[in-house]
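Shown next, in structure tokens, is the structure this report addresses.
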There are 2 protein chains.
Amino acid sequence: MPRTPRSPAPQGPVTLAMVARRAGVSPQTVSNALNSPDLLRPETLERVRRAVDEMGYRPSRAAQALRTRSSKLIGYGIQPTPSGTAAPVMDRFLHALSQAADEAGYRILLFASPPGEPTLEGYEELLGQHEVDGFVLSGTARHDPRQAWLAKKGVPFVGFGRMWSGRQIGDWVDVDGASGTDAAVEHLAALGHRRIAFLGWPRGSGVGDDRAEGWQRAMRRHGLPTRGRRAQSVDDVDAARTAVKPLLDAGATAVVAASDMLALGCYHALRERGAVPGRDVAVVGFDDSPTASILSPALSTVAQPLEAVGRECVRLLLARMTDADAPPERVLLEPSLVVRDSTPGTDAGPDGPKAPTAPDAP
Amino acid sequence: MPRTPRSPAPQGPVTLAMVARRAGVSPQTVSNALNSPDLLRPETLERVRRAVDEMGYRPSRAAQALRTRSSKLIGYGIQPTPSGTAAPVMDRFLHALSQAADEAGYRILLFASPPGEPTLEGYEELLGQHEVDGFVLSGTARHDPRQAWLAKKGVPFVGFGRMWSGRQIGDWVDVDGASGTDAAVEHLAALGHRRIAFLGWPRGSGVGDDRAEGWQRAMRRHGLPTRGRRAQSVDDVDAARTAVKPLLDAGATAVVAASDMLALGCYHALRERGAVPGRDVAVVGFDDSPTASILSPALSTVAQPLEAVGRECVRLLLARMTDADAPPERVLLEPSLVVRDSTPGTDAGPDGPKAPTAPDAP
DNA sequence: TCTCAGCGTTAGATCGTTCCAAAAACACTA
DNA sequence: TAGTGTTTTTGGAACGATCTAACGCTGAGA
């Protein structure tokens, strides 16, 4: 293997000073060449640049961090399975976040958060050691102490998920759940459905109530009744299966669920009574979890724009780092409806949206 | 808001020198108190310790990194969805890894890896800037350049997943897939099954062949034929549904699949012919993806010990950092079979393992 | 008696970068 | 030519920790 015979045992990494010596300038000038190139005379800049890539110089992040008091790292506390909102798609979010951060010259630093209610432990430690410049929070809980604590300390942070209780603190990015379920109802109504039920989580969870709200307003807009068309269940398949029964008994021809998990419970309930999801009763889920696409029939669901969420999180966080006193910014992103086989459309027949033959009897 | 009137504007963070002044010792002694406490006289140690927590001192990671040339960070390139091996459980692995790292005083630094074949880009950048002390690799591909490249540079790394082609490079931790499918066969045989089929990925993937191997050897051990009992499909539900048909036609009473996705294809194929998974034909998946537990019937599957994998990854990596020339260490961990409703056991009746009535005809 | 290793601690240098202020180089005008 | 103002470049001092080589003293071994 032919290796370049130059640079005999470089003895450690290339430093700014070495580059400076080679380019015949002072270390400071090299630093300027990299950080404020417009300060240099073009020919000097060129000379320094050449030296930099001839020697393969890369600034040491540790030294930069020490000097500038900024690590260019963003902390993210990863929880095992919050079992709440968008847990099934957390890995996708993490990738999106990483990518957005990378593009801005930042990186994501993971730390393990214990299961259950979010605690301050990890945050405190990372901050004390000046390991990170800011945080991205997710899995915002009801009495989440993190936002207030970070705000009091003046630490930049951004939440994925708004604050549902108390007054708003800090910046956040969230997905408009109501808009998602609204779109689901629109879609179903366009297919001719009128008895559209909602299967949600127990009241009191911000995310769940938001999603219920979208269903409700869309129903009202279409002049459709909502009474007796709503049931609730914890995020568990069996519980959902049981909870949805009354809705089916009442003759619902379509069910909008607050999560894919609940939607799956709905599938089971339908099968139990010999009905076929999609054909007999339309079902729409929420989250576009990996499971949704592999079910049979594939589940129509509301997908969160995770890439956009990641981008916005990073954008807001950087803005907050730049100006700590800027007014808080809150971004609400539109989810998108992914139509699959559980809400069959017009391609089932040439005669337009077919009104499903409502099986009133179980 | 009542604030403590003490410490009037501490003006930046508490440093070693401040603690030293307060404790009436030199900075180095404070450093020793923290890093090699046994060097100090007990009373001095006590005095320094008191000063440390009175002032709430935390060493600056940036300064430590600069001086010790070690960032205490472990790099992990996160890919969107390698769609290969254990993709569905990557978030659990990440949490396990983070936790194990935290306990060892390290943290995980994420960087976004582009989809598809792993590239060296991100690794090169992190290394050049001395951002990380080592890497954890996952999603080892067939012609993966990363191991050889890192090894040549003398960078500590550990792979989650062994190397399937070429010669072994470096340390790795992996899960014994063969042992998992072997256990699945054992379990099925104990239930009375004899016509146990295998639905795997196309030959040539190391992970897939490994899982096939376990099935095969267990079958041989029981004197059961394997010819005509094996099919293959890419990791896609529909493809799997098609691929498994001949096996069912041939009268298989149980199917061991190389992934939960394939197992689900099997569910669909069974339903298509009016059979019920678990009751008519037993199915075992692999990976214990979130989907497995919520299917109906819930899918028996082989679970990877991700917490243990995370721990071992960190352990091997630290060992490698300590001694770069130690002989490579490879750890093969045992997966565990999670029995659910798709392989109903003896509780179906009091008369021991019941031989399923084999529905030879479709 | 003399040397020397060991005790717990310390002064001083060092890691690689950026900030600050001042020096040097340059371009004009008077 | 000197004077003025504007780039362009530089030396020196941090940033906050750890490493090395001692400090002055005691007691064991030659």
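Naming: A, B, ... by sequence-line order, numbering from 1 per chain.
When rounded to the nearest whole Å, the span between CD of A:E131 and P of D:dA17 equals 13 Å. Residue B:L16 contributes atom CG, which lies 15 Å from atom P of C:dT9 at whole-angstrom precision. Per the geometry, CZ belonging to B:R67 stands 13 Å off P belonging to D:dA17, to the nearest Å. At whole-Å resolution of the value, CG in A:N32 and P in C:dG16 are 20 Å apart. Rounded to an integer number of Å, the gap from A:D38 CG to D:dT7 P is 12 Å. As a whole-Å value, the separation of A:N35 CG from C:dT18 P is 5 Å. Atoms CG (B:L66) and C1' (D:dC15) sit 9 Å apart, rounded to a whole Å. A:Q28 has its CD atom 12 Å from the C1' atom of D:dA14, to the nearest Å.
Side-chain proximity of A:A63 to D:dG16, C:dT18, C:dG16: nearest is C:dG16. For A:P13, taking side-chain heavy atoms from C-beta onward, the closest of the listed nucleotides D:dT18, C:dG16, D:dC15 is C:dG16. In the set C:dA11, C:dT17, D:dA17, C:dA11 carries the atom at the smallest distance from any side-chain atom of B:S26. Listed candidates were C:dT9, D:dT8, C:dG16. Nearest to the side chain of A:T44 is D:dT8.
Between B:T29 and C:dT9 there is no side-chain N or O to OP1 or OP2 distance below 4.0 Å. OP1 or OP2 of D:dG16 lies within a sub-4.0 Å distance of a side-chain N or O belonging to A:R69. The phosphate of C:dT18 has OP1 or OP2 within less than 4.0 Å of a side-chain N or O from A:S31. For C:dT18, the OP1/OP2 oxygens have a side-chain nitrogen or oxygen of A:Q64 closer than 4.0 Å.
Residue A:L34 is the one, among A:L34 and A:R41, whose nearest nucleotide of DNA chain C lies closer to the 5' end (criterion: closest heavy atom).
In summary, of the residues considered (B:L97, B:I78, B:L73), a side-chain contact (heavy atoms from CB on, under 4.5 Å) with B:I108 occurs for B:L97 alone.
Salt bridge annotation for B:E312-B:R315: present, with a cationic side-chain nitrogen under 4.0 angstrom from a carboxylate oxygen. For A:K72 and A:D133, the salt-bridge test fails: no basic side-chain N is under 4.0 Å from an acidic carboxylate O.
Side-chain contact check for B:T15 and B:Y57: no donor-acceptor pair (N or O, by modelled atom type) lies under 3.5 Å. No side-chain N or O of B:S113 forms a donor-acceptor pair with one of B:Y123 less than 3.5 Å apart.
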